[in-house]
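Working notes, structure below.
These numbers come from the heavy atoms of this one structure, side chains and all, not from hydrogens, waters or symmetry mates. None of the values given here were measured: they were computed from a predicted structure. In the text below, chain A, chain B and the rest are named by the order of the sequence lines, each starting its count at 1.
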There are 2 protein chains.
Amino acid sequence: MAFLETFQTPSYPIHSEPASPAGRRSAGFQAVTLFPAGTEIYAQGEKSDCLYKVEFGAIRIYRLLADGRRQISAFHLAGEIFGFEAGNTHHFFAEAICATGVRVLRTASRQNEFANELLPVALQGLVRAQEHLLVLGRQNAVERIAAFLMDMSERQGGLTRIELSMSRTDIADYLGLTIETVSRVFSKLRQKGVIRLPSLRSVEITKWQTLQDLAA
Amino acid sequence: MAFLETFQTPSYPIHSEPASPAGRRSAGFQAVTLFPAGTEIYAQGEKSDCLYKVEFGAIRIYRLLADGRRQISAFHLAGEIFGFEAGNTHHFFAEAICATGVRVLRTASRQNEFANELLPVALQGLVRAQEHLLVLGRQNAVERIAAFLMDMSERQGGLTRIELSMSRTDIADYLGLTIETVSRVFSKLRQKGVIRLPSLRSVEITKWQTLQDLAA
DNA sequence: CGCAGGTTTGAGCACCCTCAACGAATGTGG
DNA sequence: CCACATTCGTTGAGGGTGCTCAAACCTGCG
């Protein structure tokens, strides 16, 4: 991480104050680090001794097969905590999707002290992953996209206008599809008037109910 | 690990004890309940106030879509703990696959006390789920079956002879395939001499290296 | 022995992937 | 400011993997 700038906490202008008790009480040293788009936060096999909180921006967690196939297991948006690992080495890669501020929480070595606060967050991640298994295992392309858009909308406060920080390739690798299929489904939903595409990275949901039906 | 050790009283004359009444006095109260094959342990939407440990047998965790499609997110074999939930209602169904003994742990209401010991178990489940996402999102039928067989073998001590407690339907719903495809891949692997099928529910891995290559 | 549930095998088709070309958006250097 | 390169996204044609539908085959069990 040598190439990255590091700031001390309170002076950072953009983000709002941390509300999470976990963030506060872990105390000790907390730095917000800026990761430019596409840069690595940690890699598979690296030693795991920190947790991270997204202050602004977005990150992707993924794994690779030997031949290069990639599966993104989760996106994490502003406010979310990531970096949990069983054992002390990372099983996944983490990268910034866009310019992203990450607060480093030095708690892993003292994980026991904060287990009370971390357990609910870990369980939240577990439920999310298991629900995503249903999407990948049993839903077709349209259902996957619909579920994805609903999820992103909810995580952005239920707004009808969604700002996607990730590329079509990222979406494809998250949903177990190809970029062509993702693009085709977007076009199809647009043609049917379910969504509008004001720009490449933003989506407006115009027929909420229809989208919800498609996601089921 | 004081808490976990108390689970490991391996003394079962199996009394099907009503899991409901009196014994709420301490977290030490533990009943082993026998669930016959196919019976429900808990259902989606039910209140979640227990954790469970498989003493013998096997269970499946799954979720349903409105039209009946099912995705099994995990199998739990003897010795494993399940029943973690975010919030206090179950998001999934749990059923016994075969006759199964389950130890009921009355800890959820006092989860904070045991967070230190539960967190690693929860994280283990999280890693498993995320690795399974790679299988469902990016691997073909042969790779999925190969990965499944490798996993089951490892969880049974690395033996070449695997006893499958679950049906083809369960395997299909775990791997995001149909029973026909599962059956076809099994046959194909048998024809190629990679596995033998001594009986319906047991598999013998004859070419370990080949199977491992296929799983990649 | 006969039934029932689970498993295997086959034929045809649908959905999604592959390969390819084109169009749009962004950045760079002249 | 434009020409160009590069990356990203869209659209089309064709093919393959796995699904659907259907029938036959076990295998355990009454």
Side-chain angles (χ1 to χ4, degrees), chain A residues 36-38 60 65 67-72 95 97-99 135-149 162-192 195-203 214, chain B residues 36-38 60 65 67-72 95 97-99 135-148 163-192 195-203 214:
Chain A
R60 57 183 169 242
L65 288 171
D67 59 5
R69 280 175 289 177
R70 182 179 72 158
Q71 177 64 41
I72 294 178
E95 282 178 2
I97 292 174
C98 50
V135 175
L136 295 190
R138 287 293 174 229
Q139 297 199 272
N140 63 30
V142 173
E143 292 170 328
R144 294 183 200 202
I145 297 286
F148 171 71
L149 292 176
I162 309 168
E163 298 302 325
L164 300 176
S165 36
M166 67 290 291
S167 67
R168 299 288 189 268
T169 303
D170 283 338
I171 297 173
D173 284 352
Y174 178 64
L175 296 178
L177 301 170
T178 59
I179 56 173
E180 294 95 330
T181 298
V182 170
S183 183
R184 271 184 259 268
V185 172
F186 269 64
S187 297
K188 198 171 169 183
L189 291 178
R190 180 174 46 73
Q191 285 165 20
K192 295 197 173 181
I195 60 174
R196 293 200 329 114
L197 299 169
S199 80
L200 277 178
R201 296 288 180 93
S202 64
V203 180
L214 289 175
Chain B
R60 56 183 170 242
L65 288 171
D67 58 6
R69 280 175 288 177
R70 182 179 71 158
Q71 178 64 41
I72 293 178
E95 281 177 3
I97 292 174
C98 50
V135 174
L136 294 191
R138 287 294 175 227
Q139 297 199 273
N140 64 29
V142 173
E143 292 169 329
R144 293 183 200 202
I145 297 286
F148 171 72
E163 298 304 322
L164 300 176
S165 37
M166 66 289 289
S167 68
R168 299 288 189 269
T169 303
D170 283 339
I171 297 174
D173 284 353
Y174 178 64
L175 297 177
L177 301 170
T178 59
I179 56 173
E180 294 94 331
T181 299
V182 171
S183 183
R184 271 185 259 270
V185 173
F186 269 63
S187 297
K188 198 171 169 184
L189 292 178
R190 180 173 48 72
Q191 285 166 19
K192 295 196 173 182
I195 60 174
R196 292 200 327 115
L197 298 169
S199 79
L200 277 177
R201 296 288 179 93
S202 64
V203 181
L214 289 175

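- Judged as a side-chain contact (heavy atoms from CB on, under 4.5 Å), and not counting sequence neighbours, the contacts of A/R196 are A/P198, A/E204, A/T206.
- Applying the side-chain hydrogen bond (donor to acceptor under 3.5 Å, both in side chains) test to B/Q139 and every residue at least two apart in sequence or in another chain returns nothing.
- The distance from atom NZ of B/K188 to atom C1' of C/dT8 is 16 Å, rounded to the nearest whole Å.
- Checked against salt bridge (Lys or Arg N to Asp or Glu O under 4.0 Å), B/R168 has no partners two or more places apart in sequence or in another chain.
- Residue B/I179 contributes atom CD1, which lies 12 Å from atom C1' of C/dT9 at whole-angstrom precision.
- For B/M166 and C/dT7, the CE to P distance is 12 Å, given to the nearest whole Å.
- Contacts of B/R144 with the nucleic acid, taken as non-hydrogen atoms under 4.0 Å apart, are absent.
- The side-chain heavy atoms of B/L164 and B/I171, taken from C-beta on, include a pair separated by under 4.5 Å.
- Residues satisfying the side-chain hydrogen bond (donor to acceptor under 3.5 Å, both in side chains) test with A/R144, not counting sequence neighbours, are none.
- In terms of phosphate contacts, B/T169 brings no side-chain nitrogen or oxygen within less than 4.0 Å of OP1 or OP2 of C/dG6.
- In this structure the side chain of B/V135 never reaches within 4.5 angstrom of the side chain of B/E143, judged on heavy atoms.
- Between A/L177 and A/F148, every side-chain heavy-atom pair lies at or beyond the 4.5 Å cut-off.
- Put simply, chain A comes within 4.0 Å of DNA chain D, heavy atom to any atom, from D/dG9 to D/dA13, going 5' to 3'.
- In this structure, A/L175 atom CG and C/dC15 atom P are separated by 18 Å, rounded to whole Å.
- Residue B/S199 is classed as having no contact, given no heavy-atom separation below 4.0 Å to the nucleic acid.
- Taking every heavy atom of both residues into account, B/S202 and B/E163 meet most closely at CB-OE1, 3.3 Å.
- With a 4.5 Å cut-off on side-chain heavy atoms, A/D173 and B/R138 count as touching.
- Looking at heavy atoms from C-beta onward, B/C98 lies out of side-chain contact with B/M166 at the 4.5 angstrom threshold.
- Closest-nucleotide positions on DNA chain C for B/L197 and B/R138 were compared, and the one nearer the 5' end corresponds to B/L197.
- Put simply, CG on B/L189 is 15 Å from C1' on C/dT8, counting in whole angstrom units.
- Between the CZ atom of A/R69 and the P atom of C/dC17 there is a distance of 13 Å, rounded to whole Å.
- Summarising the geometry, the separation between CD1 on B/I145 and C1' on C/dT7 is reported as 14 Å, rounded to the nearest angstrom.
- Residues A/L136 and A/Q71 meet the side-chain proximity criterion, which asks for heavy atoms closer than 4.5 Å.
- Taken over five-pair windows at either terminus, the axes of the helix from C/dC1-D/dG30 to C/dG30-D/dC1 are inclined to one another by 30° (rounded to 10 degrees).
- The nearest whole Å value for the distance from the CZ atom in B/F186 to the P atom in C/dT9 is 12 Å.
- Note on B/S183: a base of the nucleic acid sits closer than 4.0 angstrom, heavy atoms only.
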Provide a list of protein-nucleic acid N or O atom pairs under 3.5 angstrom, restricted to nucleotides 18-24 of chain C.
| unit_1 | atom_1 | unit_2 | atom_2 | d |
| --- | --- | --- | --- | --- |
| C/dT18 | O4 | A/R184 | NH2 | 3.1 |
| C/dC19 | N4 | A/E180 | OE2 | 3.1 |

Under 3.5 Å donor-acceptor pairs involving side-chain atoms of residues 179-192 of chain B, not counting sequence neighbours:
| unit_1 | atom_1 | unit_2 | atom_2 | d |
| --- | --- | --- | --- | --- |
| B/E180 | OE1 | B/T178 | OG1 | 3.4 |
| B/T181 | OG1 | B/T178 | OG1 | 3.1 |
| B/S187 | OG | B/S183 | O | 3.1 |

